[in-house]
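To keep things clear, I will list the structure first and then write my remarks on it.
Below, chain A is the first sequence line, B the second, and so on; all start at residue 1. All values below were derived from every heavy atom in this structure, side-chain atoms included, with hydrogens, water molecules and symmetry-related copies excluded.
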Number of protein chains: 2
Amino acid sequence: MPNRDISKSVIKRLPVYLRILDNLIRRDVEIISSKELSLESGFTAEQIRKDLAYFGAFGTRGTGYNTAYLREKILKIIGLDKKTNIIVIGAGHLGTALTRYNASKNPYVNIVAVFDKDPHLIGQKINQIEVLPVEKLHDVIKRHMIKVAIIAVPANEAQEAVDGIVKQGITAILNFAPAKLHVPEGVHVHNADLTIELQSLIYYCSAEEERLSRLRHETGEPKSSKMLSLD
Amino acid sequence: MPNRDISKSVIKRLPVYLRILDNLIRRDVEIISSKELSLESGFTAEQIRKDLAYFGAFGTRGTGYNTAYLREKILKIIGLDKKTNIIVIGAGHLGTALTRYNASKNPYVNIVAVFDKDPHLIGQKINQIEVLPVEKLHDVIKRHMIKVAIIAVPANEAQEAVDGIVKQGITAILNFAPAKLHVPEGVHVHNADLTIELQSLIYYCSAEEERLSRLRHETGEPKSSKMLSLD
DNA sequence: TAGATTGTTAATCGATTAACAATC
DNA sequence: TAGATTGTTAATCGATTAACAATC
C-alpha cells in the first residue's frame with residue numbers, strides 16, 4: 001500500500017543515502033538531521049525527508065535520524081539486507097575491471113561467475129571468480145537464483161547476450177554496452193553508458209566558451225575582465 | 001540567443017542521437033524520420049523533435065532528417081567536431097580499463113595521459129598512453145589545453161585529486177569515485193557511480209517479489225496461476 | 001515549556017506529451 | 001494537389017520546493 005510505484009529519481013538517491021550513512025557509522029556518528037544529510041549528499045533536506053517518507057517514518061521529530069536504524073531501513077527498502085548474487089557477462093577488459101571493482105568495493109553484492117564465449121578466457125580467475133563458458137549460464141542462474149546481470153560485451157553482441165540471459169530468468173540488467181537493449185515487460189535495464197556521460201560532459205566545456213564568445217559578439221563588448229588580456 | 005540554458009536531460013540525449021546516426025550512416029541510410037529515431041532510441045518522436053529544435057531546424061518537413069547533416073550539426077552542438085583532449089586521474093584497474101575503453105571505443109576524445117602517484121605505475125603504457133606522475137599535471141594540462149578529466153581514484157583521494165586539477169584549469173569532470181565532489185562554480189561534474197547504478201537496480205528485483213507477496217497477503221488469495229503450483 | 005526537526009500537504013516549477021499549423 | 005513529417009505552441013503531467021502542523 002505505501003509502495004505505489006515510487007519514481008526512479010527517488011530510488012537512485014537511496015544508495016547515496018546508504019553510502020553516507022555507512023561513512024557516518026564508521027565515524028561513530030549516531031544521529032543526523034536531514035539538513036546535515038543535505039550537506040553531504042547535495043540534495044535538499046526537504047527532498048531527503050520526502051524520499052524517506054515514501055517508505056515510512058524513520059526519524060525522530062526535533063532530533064533527526066538514527067544512523068544505524070536508518071541504514072537498516074534503507075537496506076531493507078532497496079533489498080540489500082542480504083547479499084545479492086549477480087553475474088557478469090563479458091570477461092574483456094571492462095568486464096574484468098567491473099568484476100574486480102564490485103568484488104572489492106561493493107559489499108552488498110556477490111559476483112558468482114563471469115561468462116564469456118572466448119575459449120582463451122575460460123577458466124581464468126578474476127579476484128577468485130571463475131570465467132565460465134556461456135554454456136554454463138543456465139546451471140549457474142538456476143543454482144544461485146540469479147536475477148541480476150552486468151552486461152560488458154561489445155555493442156554488437158549485447159542484444160544477443162541479453163536475449164539469452166533474459167530467457168534464463170534474469171530480470172535486472174546493468175548495461176555497459178553502448179547499445180539500446182530491447183527487453184520484455186518486467187525486465188529492468190539501467191544503462192551505464194560511459195561514452196554518453198563523457199560526451200555530454202564535453203558539451204558544457206564548449207558551451208561555456210561559445211557562450212562567452214556569443215556574448216562578446218552580441219554585446220559588442222570585446223574587453224572582458226574575466227579573460228586574460230593578451231590583446 | 002537560441003541557447004538559453006538547455007536542460008541536462010536534453011544534453012544527455014544528444015550523444016544517443018549521435019550514436020544512432022553514426023550507425024545509420026555506416027549502414028548507408030541517408031534519411032531518417034523522428035518516428036524511426038524514436039524506435040532506435042526509445043525516446044518519443046515528439047521529444048526528439050523538441051530536443052533538436054532547441055538548437056535549430058535541421059530537418060525537412062514531409063521528409064525527415066538527413067543523417068549526415070544532422071550528425072554534423074549534433075557534433076557541433078556538443079563540441080565534438082574536433083577531438084577533445086582529456087586526461088585520466090588514477091591508473092589502477094578501473095582507470096586502466098576506462099583509458100583502454102575510451103582509447104578504442106570513443107573516437108571523439110583523445111586521452112593525452114594518465115596520472116598516478118604510485119611510483120610503480122609511472123612509466124607504464126596503457127594502449128600507447130603514458131602513465132605520468134602527478135607532478136607533470138601542470139605541464140600537460142597547460143600544453144594540451146585540457147579542460148576535461150576522468151577521475152578514477154579511490155573515494156578517499158577523490159576530493160584531493162579534484163582540488164588539484166581544478167586549480168590547474170580543469171572545468172569538466174567525469175567522476176567514477178564513489179564520493180560527492182565539491183567544486184567551485186563553473187566546474188561541471190558528472191557522476192558515473194557504478195555502485196549506485198547496481199544498487200538501485202537491485203531495488204527493482206526485490207520490489208517485484210515484495211509486490212507479489214504483498215499482493216498475495218492483502219488479497220488473501222494464495223493460489224496464483226503465475227506461480228509454479230508446488231503445493 | 002521552548003527549540004528543533006520531522007512528516008506531510010500545498011504551491012511551484014520544469015519537463016514531457018499532445019496537438020496542429022507550416023511546409024516540403 | 002495529397003500525403004507526410006517537421007517545428008512550435010499549448011496542455012498535461014510529475015517532480016521539486018516551500019510551508020507548516022505535528023511532536024520529540
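A:Leu70 has its CG atom 16 Å from the P atom of C:dT5, to the nearest Å. Protein atom CD1 of B:Ile31 is 11 Å distant from nucleotide atom P of D:dT5, rounded to whole Å. As a whole-Å value, the separation of A:Arg61 CZ from C:dT1 P is 18 Å. If you take CD of B:Gln47 and P of C:dA18, they are 11 Å apart, rounded to a whole angstrom. The CD atom of B:Glu46 sits 15 Å away from the P atom of D:dC13 (whole-angstrom rounding). If you take OH of A:Tyr69 and P of D:dC24, they are 14 Å apart, rounded to a whole angstrom. Note: CZ (B:Phe58) to P (D:dT8) measures 11 Å, nearest angstrom. Put simply, CG on A:Asp5 is 10 Å from P on D:dA15, counting in whole angstrom units.
Between B:Thr63 and C:dC24, a side-chain N or O to OP1/OP2 separation shorter than 4.0 Å is absent. Contact annotation: A:Ser34 side-chain N/O to C:dT6 OP1/OP2 distance is under 4.0 Å.
Of all nucleotides present, only C:dA19 satisfies the Watson-Crick or G-U wobble test against D:dT8, with each distance under 3.5 Å. Both distances falling under 3.5 Å, in either a Watson-Crick or a G-U wobble arrangement, place D:dC13 opposite C:dG14.
Below the 3.5 angstrom threshold, one finds a donor paired with an acceptor across the side chain of B:Arg49 and the base of D:dG7.
Using the six-membered ring where Trp is involved, B:Tyr204 and A:His188 have ring planes that are parallel, under 30° apart on the 30 and 60° scheme.
Scanning both residues, A:Asn106 and B:Gln199, for their nearest heavy atoms gives OD1-NE2, 3.5 Å. Here the closest heavy-atom approach between residue A:Phe58 and residue A:Leu52 is recorded as CE1-O, 3.7 Å.
Around atom NZ of A:Lys83, more than 12 heavy atoms belonging to other residues, nucleotides or ligands sit under 6.0 Å away.
Relative to the side chain of A:Tyr65, the nucleotides C:dA15, C:dG7, D:dT6 differ in distance, and C:dG7 lies closest.
Positionally, the nearest nucleotide of DNA chain D for B:Lys35 lies more toward the 5' end than for the other of B:Lys35 and B:Lys50. Taking the nucleotide of DNA chain D with the nearest heavy atom to each of A:Arg13 and B:Thr60, the more 5' of the two is matched to B:Thr60.
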Item to check | Stepwise salt bridge (Lys or Arg N to Asp or Glu O under 4.0 Å) test for A:Lys76 and A:Asp81 | outcome: CA-CA 5 Å; A:Lys76 284 233 177 66; A:Asp81 48 332; 5.3 Å; no

